[in-house]
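Each remark here refers to the structure printed beneath this line.
Small disclaimer: the values here were computed from a predicted structure and weren't measured. Residue numbering restarts at 1 for every chain, and letters A, B, ... go by the order of the sequence lines.
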There are 2 protein chains.
Amino acid sequence: MPVTIKDVARRSGVSKATVSRVLNNIPVVREDTRRAVLEATRALGYTPDALARGLTTKKTRTVALVVSDIRNPFFPEVARGVEDLLNNYNYNVMLCNTDGRPEKEEAYIRLLLEKRVDGIIFASVKMGASDLSRLQKRGLPFVLAGRTLPGADADVVVVDSVLGGYQATMHLLQLGHTRIGYVSGPAGVSASVDRHRGYEQALRHNGLDPSPELVAVGDFTQEGGYAGASRLLSLEKPPTAIFCANDIMAIGALEAIYERGLKVPEDVAIVGFDDIPFARLRNIQLTTVMYPKYDLGAIAARMLIERIENPAPDRLAKQVILPPRLIIRRTCGFHLGRSTPGATT
Amino acid sequence: MPVTIKDVARRSGVSKATVSRVLNNIPVVREDTRRAVLEATRALGYTPDALARGLTTKKTRTVALVVSDIRNPFFPEVARGVEDLLNNYNYNVMLCNTDGRPEKEEAYIRLLLEKRVDGIIFASVKMGASDLSRLQKRGLPFVLAGRTLPGADADVVVVDSVLGGYQATMHLLQLGHTRIGYVSGPAGVSASVDRHRGYEQALRHNGLDPSPELVAVGDFTQEGGYAGASRLLSLEKPPTAIFCANDIMAIGALEAIYERGLKVPEDVAIVGFDDIPFARLRNIQLTTVMYPKYDLGAIAARMLIERIENPAPDRLAKQVILPPRLIIRRTCGFHLGRSTPGATT
DNA sequence: CTGAAAGCGCTTACAG
DNA sequence: CTGAAAGCGCTTACAG
């Protein structure tokens, strides 16, 4: 019933091979036979079967994007960057939500392997470096986007989180804060660890000793930000400013602060990280460190395509480090134009 | 190099057919041969090739989700619902952003046809009913999620937008408003038209005549909401309340209101539609009509799978209408507990 | 319960 | 410039 290359061949009076050639733009074909084939293709409404093609070419032109949860506002931007770039090269993207759970991730990997995707972009990874190298051995290209994995010899694109953490903290220091809290992401995650590092560097550059009690462990969720900030605020000497390792946690932190009847930024200043869309809302105006999310996705996609179309197994892993950029809005209190934060209450 | 079913067959001393049978859980196989095959599968690290399988079975177990832009916060929730349900049935989801542009949509359709996806979920459609029926003739199942298309004889799941619009408007009326504006979506889009209808019904039920000057045409974007609300606010007799056809536009409307130095809800009350995540943020507290987005996706996915796995071409189109639910927060002014809105300034 | 064979719809050397 | 043939890796009647 459905029309195949055979039908087109018959109708245009040539062989399947020739049809295949014109459809794949292999330039040898004579112009008039080319036209005849195209005409037959149109007339029959022929749609090539990508499965059959893939079976012989070993290419599917589809790529997987692994995220923890697309509902996390960080990821849609990344996904869009990925897809837009992929489209330019005629690739499709398969969406994989893992909730950061290793079993889900594994299940997906298995599935993706079966479906013969050409490559994977991990915007979230739970596997260890060793599992990833298994992928490499299987010959499945991948790139890490927004995460690094110690020991993984893989293509990576990330923002410079150390620098970003430094900028955020430095800004608060310049506004006069000396007790600055940090609400981290999950332990061991590079983005969180690096931002912590930048935070400590900034403190030290200002002659301050990082104090462990000012660091609360979060998890990149709003609830985590709420809990982390709550802990910091109930300190005997609470911080006058809090740097949150991402914006969602900053939102949670805002909740915690308001709940105590405190004001932002008058009582507590807040700086986040990522610049997710609602950070700029008039009623939020979150000061934060811009993560070029769309670019992250687009660059990751480009790197992946490069790997796919030019497979040199011994090629060195490429690392792209994007610059962070501090975006000053209201929650840091910059507009207050003073340098005695927390002293006004 | 890569291991195929043939290798497994050889190693376990059976035919490819038998290997296929155990891998597909066809119960006829004797237990010990079954075990031998499984053992060989594991030992060789065999991964079935879904392309080859698909080529013979005519099933890919992948489904496409078409959205206008995943960065629109409405869609990630839908996508998650789709994916979660699909996963239960061992399907994958391909993400397709069209920006609501017909060329992009067409290009994707063509691609999806080539890739032999088993079905499509349209959370956004630009094609006309006639193009969709072409899909039907091609035998490609699809369902419309959140949109209806007049004349399209297709499976559909939507929220009752007439009722939702009615609830939103009725609520404002009960708070004492009599001049209520409406910022619509794009002309012709069912969600917008229906909400408008509900809005007018509510007005009439209260003996009010809908006034055309109180309706501004928007487009479901923040900018559209800003522009629409701006127009309403510069009326000689501006409305004291505005119902926006979706939450993003409500955000834009808030901007417009604040920009004029007006207060929400004291000067202008606002009600949105969708209940996207940030509507509930402490600093926003948008009163809105809940759209069960996750369920929308999950139900659409279930309907699609049903169509796919049980293809009766003459089966009647199914319509699922979800109930909307008014969520009262702050922007409507309910908490003010009075009934003379707009009269306090 | 199992196997041999055909077939799914392409692409790609190989010849000419 | 074009075609015949093999092959990609599965599944599925059909026989036995």
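Judged purely by atom type and a 3.5 angstrom limit, B/Asn72 uses its side chain to pair as donor or acceptor with the backbone of B/Phe74.
In this structure, A/Lys318 pairs ionically with A/Glu306, as a charged nitrogen and a carboxylate oxygen lie closer than 4.0 Å. Taking 4.0 Å as the cut-off between side-chain N and carboxylate O, B/Arg61 and B/Asp118 do not count as a salt-bridged pair.
Between the CD atom in A/Glu105 and the CZ atom in A/Arg110 there is a gap of 12.0 Å [rounded to 0.5 Å]. Note that the OG atom of B/Ser12 and the CZ atom of B/Arg34 stand 13.0 Å from one another [nearest 0.5 Å].
Stem analysis of DNA chain D (Watson-Crick or G-U pairs, both distances under 3.5 Å, runs of at least three) returns C:1-3 with D:14-16, C:5-12 with D:5-12, C:14-16 with D:1-3.
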A/Arg138 and B/Thr47: CA distance, side-chain angles, deciding distance, side-chain hydrogen bond (donor to acceptor under 3.5 Å, both in side chains) verdict
CA-CA 11 Å; A/Arg138 279 243 185 194; B/Thr47 308; 2.6 Å; yes
Apply the test salt bridge (charged side-chain N to carboxylate O under 4.0 Å, His left out) to residues B/Asp32 and B/Arg35: give CA-CA distance (whole Å), side-chain angles for both, the deciding distance (0.1 Å), then the verdict.
CA-CA 5 Å; B/Asp32 50 334; B/Arg35 245 196 288 271; over 6 Å; no
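Here the range on DNA chain C touched by chain A, meaning any atom under 4.0 Å from one of its heavy atoms, is C/dG9 to C/dA13.
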Using atom types as modelled, flag every donor-acceptor pair under 3.5 Å from a side chain in residues 90-97 of chain A to any protein atom, sequence neighbours excluded.
| residue | atom | partner | partner atom | Å |
| --- | --- | --- | --- | --- |
| A/Tyr91 | OH | A/Glu309 | OE2 | 2.9 |
| A/Asn92 | OD1 | B/Lys115 | NZ | 3.3 |

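Applying the ring-ring contact (aromatic ring centres under 6.0 Å, His included) rule to A/Phe220 yields no partners; only residues at least two apart in sequence or on another chain are considered.
Where B/Ile5 and A/Arg21 meet DNA chain D, the nucleotide closest to each residue was compared, and A/Arg21 sits on the side nearer the 5' end. Nearer to the 5' terminus of DNA chain C, by closest-nucleotide assignment, is the contact made by B/Gly13 (compared with the other of B/Ala52 and B/Gly13).
Of the residues in residues 22-37 of chain A, A/Val28, A/Val29, A/Arg30, A/Thr33 come within less than 4.0 Å of DNA chain D through at least one heavy atom, sorted by number.
In this structure, A/Lys58 reaches the sugar-phosphate backbone alone: every heavy-atom distance under 4.0 Å involves primed, P, OP1 or OP2 atoms, never a base.
Applying the salt bridge (charged side-chain N to carboxylate O under 4.0 Å, His left out) test to residues at least two apart or on different chains, the pairs with a partner in residues 75-91 of chain B are A/Asp69-B/Arg80, A/Asp99-B/Arg80, B/Arg80-B/Asp84.
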